[in-house]
Number of protein chains: 2
Amino acid sequence: MTADTKQVIMDTARAMVQARGYSGLSFRELAKEVGVKSASIHYHFPTKGDLGAALARRYADEAIEIFDAFLEASPDIGACMRKYTDVFRSALSNNNRMCLCGIMAAEHDDLPAEVRAEVDRFTDVNIRWLIKLLSRGKSKAAAGAIAQRALAIFAAVEGAQLVARGRGDIAVYDQAIEAYRTAGLLP
Amino acid sequence: MTADTKQVIMDTARAMVQARGYSGLSFRELAKEVGVKSASIHYHFPTKGDLGAALARRYADEAIEIFDAFLEASPDIGACMRKYTDVFRSALSNNNRMCLCGIMAAEHDDLPAEVRAEVDRFTDVNIRWLIKLLSRGKSKAAAGAIAQRALAIFAAVEGAQLVARGRGDIAVYDQAIEAYRTAGLLP
DNA sequence: CAAGGGCTATCTATCGATAGATAGGCGGAG
DNA sequence: CTCCGCCTATCTATCGATAGATAGCCCTTG
């Protein structure tokens, strides 16, 4: 029955970072939200960098699982891509939040090294998955062109999220994604 | 000969925000960089929100001038678009900085209302300009489709900048833009 | 022309709030 | 009895913001 405090801390912290960024995450606010004292957060995560890195690490790990499940569930490239963009959409629909690593990328310069490393890994995870998806069928397609396109898709999706968040209007995200598809950027 | 302190403050502050975000801007650090005391910053900009709003306002105003000059200088849509993407590229080449309003969009929730208003205006400025550009020639093109495409282009460019910055590699930006062009998102 | 009042731009010094972090104690479970 | 998990209490550093003083300049007025 023990609602593992450490997990509750991580869940709450993730939500707060997705809303206000890494620099906007405060131990005191986080503790209050969780229902403990800030010293208890430090017990589980000695430094803020430890917490941030743990968040980004779990985020990237979960992304691998979720995305790979898409590939296994459907052989259709377009269907998988729609599921992919829907994942980023769901962050916005959850109180106008952003991708954890997208918002952290904006804070790049202020991030502790261990956090930055995990954020980078999230980007890698996405691009590798997109490459895997785009490579389906095209057994002999130029690897370079596919990698470039995967990178562009990831960037475009993150950008759509960023702009839609700024507008506070999820319809902006939907419109951008639709335009990407119309233009042929998305399969 | 008088290097107007207020202008120096704004120039320095803009560079700092483009590097570390609005929340990363500190009156003390800014003052040290400028060579005055933090109280002097408050003299010119009573609150941090005043400063942030002034920065975003000038940024949007300058964007209007720069972008419109592109339209007047060349009748070619592709050439104008290249100049447009080069503007965002130059932020990255200036010590891996970001678009002022792009990085502020990520901090959306923590922004004072007056700052957020100017950030929003920058987005408007961009989209309106892109609509003007895309409308060239296509006198009867569906306005809705063009507006949607303009929004998507802006989002994609901001995203390319965000991801490239995270990677600390301007080549990432160039690749994404090139892929947008290849896919047909950019004219 | 000279004197004085007020304005501009800056300084020193300090405020209360909040940041992350730490030392040490207490209570319950194994 | 020990150790885990959380607590109280506190520290240092920094944040934005303010008060009050001052030096220099311009404008007015006698």
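Fair warning: this is a prediction, and the values are worked out from it, not measured in the lab. First the proteins, then the strands, lettered A, B, ... as listed; each starts at 1.
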### Query
Is the closest side-chain donor-acceptor distance between B/Glu107 and B/Ser23 under 3.5 Å?
yes
### Query
Phosphate oxygens OP1/OP2 of C/dA9: is one of them under 4.0 Å from a side-chain N or O of B/Tyr43?
yes
### Message
Return whichever of A/Val36 or A/Arg28 has its heavy-atom-nearest nucleotide of DNA chain D closer to the 5' end.
### Response
A/Val36
#### Entry: A/Lys48 NZ - D/dT12 P separation (whole Å)
22 Å
### Task
Please check the phosphate of C/dA9 (OP1 and OP2 only) for any side-chain N or O of B/Thr5 closer than 4.0 Å.
no
### Task
Output the distance between atom CG (A/Leu111) and atom CE (A/Met104), rounded to the nearest 0.5 Å.
5.5 Å
### Query
Could you give the CG-to-P distance, from B/Asp50 to D/dT18, as a whole number of Å?
10 Å
### Message
Distance check needed: C/dA9 C1' versus B/Asp4 CG, whole Å only.
### Response
11 Å
### Query
Does B/Lys37 make a side-chain N or O approach to OP1 or OP2 of C/dC11 shorter than 4.0 Å?
no
### Query
So B/Phe67 and B/Tyr84, ring pair (Phe, Tyr, Trp, His ring centres under 6.0 Å) or not? Walk me through it.
CA-CA 7 Å; B/Phe67 295 161; B/Tyr84 178 77; 5.0 Å; yes
### Query
D/dA19 C1' sits how many Å from B/His42 NE2, rounded?
13 Å
#### Entry: Length of the line joining A/Lys6:NZ and D/dG5:C1', which is rounded to integer Å
12 Å
### Query
C/dT18 P sits how many Å from A/Leu30 CG, rounded?
16 Å
### Co-members of the apolar cluster containing B/Val125 [side chain, <4.5 Å]
B/Ile64
### Task
Kindly point out which of C/dC11, C/dA19, D/dA17 is positioned nearest to the side chain of B/Ala39?
C/dC11
### Summary
Rounded to whole Å, CD1 of A/Ile41 lies from C1' of C/dT18 at a distance of 16 Å
### Message
Taking 4.0 Å as the cut-off, does a side-chain nitrogen or oxygen of A/His44 come that near to OP1 or OP2 on D/dC6?
### Response
yes
### Query
For C/dA9, does either OP1 or OP2 sit under 4.0 Å from a side-chain N or O belonging to B/Ser40?
no
### Message
Output the rounded distance in Å from CD1 (A/Ile9) to C1' (D/dC7).
### Response
14 Å
### Task
Give one of base, sugar-phosphate or nothing for A/Leu25, where a contact means two heavy atoms less than 4.0 Å apart.
sugar-phosphate
### Query
Taking the side chain of B/Phe27 as heavy atoms from C-beta outward, which of D/dG16, D/dT8, D/dC6 is closest to it?
D/dG16
### Message
Under a 3.5 Å cutoff, is there a donor and acceptor pairing between the side chains of B/Thr47 and B/Asp50?
### Response
yes
